[in-house]
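Notes follow the structure.
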Number of protein chains: 4
Amino acid sequence: MTLNNSQARLFSFVERIERLIVERREVSEQITAVKSEAKHAGFDPKVIAQMIKERAMTDDERQEWSALCELYRASLGMLNGTPMSDNARRHVSRESDEGRGEGVDDMFDPSPESAHAISPAEARAQGAEAFKSGKRVTENPFPAGDPSRASWDEGWCAEAGSDGMDIPPEWRRAPKKAEKGEDA
Amino acid sequence: MTLNNSQARLFSFVERIERLIVERREVSEQITAVKSEAKHAGFDPKVIAQMIKERAMTDDERQEWSALCELYRASLGMLNGTPMSDNARRHVSRESDEGRGEGVDDMFDPSPESAHAISPAEARAQGAEAFKSGKRVTENPFPAGDPSRASWDEGWCAEAGSDGMDIPPEWRRAPKKAEKGEDA
Amino acid sequence: MTLNNSQARLFSFVERIERLIVERREVSEQITAVKSEAKHAGFDPKVIAQMIKERAMTDDERQEWSALCELYRASLGMLNGTPMSDNARRHVSRESDEGRGEGVDDMFDPSPESAHAISPAEARAQGAEAFKSGKRVTENPFPAGDPSRASWDEGWCAEAGSDGMDIPPEWRRAPKKAEKGEDA
Amino acid sequence: MTLNNSQARLFSFVERIERLIVERREVSEQITAVKSEAKHAGFDPKVIAQMIKERAMTDDERQEWSALCELYRASLGMLNGTPMSDNARRHVSRESDEGRGEGVDDMFDPSPESAHAISPAEARAQGAEAFKSGKRVTENPFPAGDPSRASWDEGWCAEAGSDGMDIPPEWRRAPKKAEKGEDA
DNA sequence: CGTGACTCTTTAGAGC
DNA sequence: GCTCTAAAGAGTCACG
């Protein structure tokens, strides 16, 4: 029977909530215990927490997120020697890729003129120039590991952000994902 | 001139936010400092925080809040020897008061039969009985300081919550306050 | 066998944490559901939350807390017609009571001269005067429900806080409670 | 003059805190306004927040953080086609680099046998094999953009985490940074 | 289009 | 000193 006088109902609500709070605290304590165990095993708790956050995303979300971060980082000059990932390149070149139908393969063409060491400033200038002449970010001529690769990226992105265009769609997250069917 | 390329605009936004965050942190640190000063002066920080919260309410809000708390406390048997305040009595008897036009003055009539000490259970029973016979909570016959006063309150409130009625409006907060005219 | 290679151990930790997080979220959702149920039944969710907080305290803690709040309220002039509770009076008079051995009973002596209506300011002055002449806060001559009762309280407390003394122990919470024996 | 009675001091504390809270709220509102402006300009607010967080770190912290994240990601099989960054490679090979004195340059040696397309599983196996034969993670033979590059990374890292060794120091953050001299 | 609820993030406080 | 927890604030979403 459902209680229908206010005092008893209030009491019932309060007690149910209290019981659930106890349960939740117990689970929380278990979480803490496992975290502490992991920490004492030598793992970094913060990084583990980050992994758990990322694992909660779908692959698409995760990739879009990190691509966006890299794009913004490049624009703000925060690459610091870590060039954009292939993922970010793909994100920025999304539409062009569709149009041209070619993938990332044409980037494996280390032009001889960039094979020898050049200064970061020069690489940056080359990146900017590349953007202006319609090259895509995936056409970065410097191979992985080359310190000039990041500089070229920065130059390209900076130019891409400086040409007076409005903010292009690559800077935005995909608007929404259709909700998966849950319980009605 | 408004910057109209995305990189420069992004940079501007980020820097403005960062500057404001610094400002906010400074203010927060000042708050912490004052709180700590107060604490070392011997005041209880939590109670001070509570006072600040209450001072942020209007008098009406504050009174309604504490009256509601007391009403719920009484229903849950948490009065523990601290009888309901006049404020709570007024809240619970809001409507009756309008109808009868009398205030709290008729409560200063310690009936002779309750003047001598009785057990808490008996006081509780009297309170419940009083509710059933249509008495208002302000008619508690026990004077302030009398340990039976709280018990009578509890009896009255418990009965008021047990009579099968739906939850009466006294249990709810006044729905909305008309917003005071701010800057347009 | 305990896994002893880092990859597998990391994976195990992450999965255990994830599973527990799911559990915790489920419990949290149940809490939300019950709260929402209570709300739709007509109870005020905030007040319920407050009750749960208070029920988590021991009686002593709760009484000390509310007594402290009232003391601070009185000092800040926030009583607004709700006189201090017996509980707060007891708290403030803790030590004197031990010394004198008398309880609250000597307060049921509405002196004839205060029986007729006086102005709040006058009541306040009487309270201040009472403090100066060594009277205790429990000796408030105005009965419950009398609007002058709160004013007298305010006068007494204000005077008690203005006499140049350092902050007395009544303004502090009892330092610590010895922890009850839990599971080892 | 310093107030030395408790009531006045309490009042002073409360008012100072309240004033600061108002200030803080104002700054907060300005932050909200700028964020909203940025959002309407087409930037992603979350990513901006992330950038601000990262800009608050030193370069070293940021690089260590992201390197650790990638290492953990690789171990958990979360690379998903995004190979480890040069930064992460450097982190993992920190000590070896000191010993061998060579940088990342010896990785530009795409062995002919890996130049043609192979399956992810095969690339993974090659990575694991490479670890077992003492190769460093920087010796990934697949060039940037090659889908096999990530798989090789995963294989290498998985093997590095599976060989029964205790968790190596690369998995931990650098213990502490000596605090920069602040105001005394 | 405005409002209200819910979630998440951040931050301050308390304990080991 | 560091971590964890809890509360407050902000942001987003959905609904009226």
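Sequence lines set the chain letters: A, B, ... in the order given, protein chains first and strands last, and positions in each chain run from 1.
Residues C:Ser75 and D:Phe11 fail the side-chain proximity criterion, which asks for heavy atoms closer than 4.5 Å. Within the 4.5 Å cutoff, side-chain heavy atoms of D:Arg25 are placed close to those of D:Ile21.
As rounded to whole Å, 11 Å separates atom P of E:dG13 from atom CD1 of B:Ile48. With rounding to whole Å, D:Arg24 atom CZ is found 11 Å from F:dA8 atom P. Computed from coordinates, the D:Glu37 CD to F:dG11 P distance equals 14 Å when rounded to whole Å.
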Walk me through it: do A:Gln30 and A:Glu26 pass the test side chain to side chain donor-acceptor pair (under 3.5 Å)? CA-CA 6 Å; A:Gln30 291 178 43; A:Glu26 284 166 357; 6.0 Å; no
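Within 4.0 Å (heavy atoms only), C:Lys39 reaches sugar-phosphate atoms of the nucleic acid but no base atom. Nucleic acid contact for B:Pro45: none, since no nucleic acid atom lies under 4.0 Å from a heavy atom of the residue. Heavy atoms of C:Lys35 sit nowhere under 4.0 angstrom from any nucleic acid atom. When heavy atoms are screened at a 4.0 angstrom cut-off, D:Ser28 is found touching the sugar-phosphate backbone but no base atom.
In this structure, of E:dG13, F:dC4, F:dA6, it is F:dA6 that holds the atom nearest to the side chain of A:Arg25.
Nearest-nucleotide positions on DNA chain E for D:Lys53 and C:Glu29 put C:Glu29 closer to the 5' end.
Classification of the D:Tyr72-D:Trp171 ring pair by plane angle, with boundaries at 30° and 60°, yields tilted.
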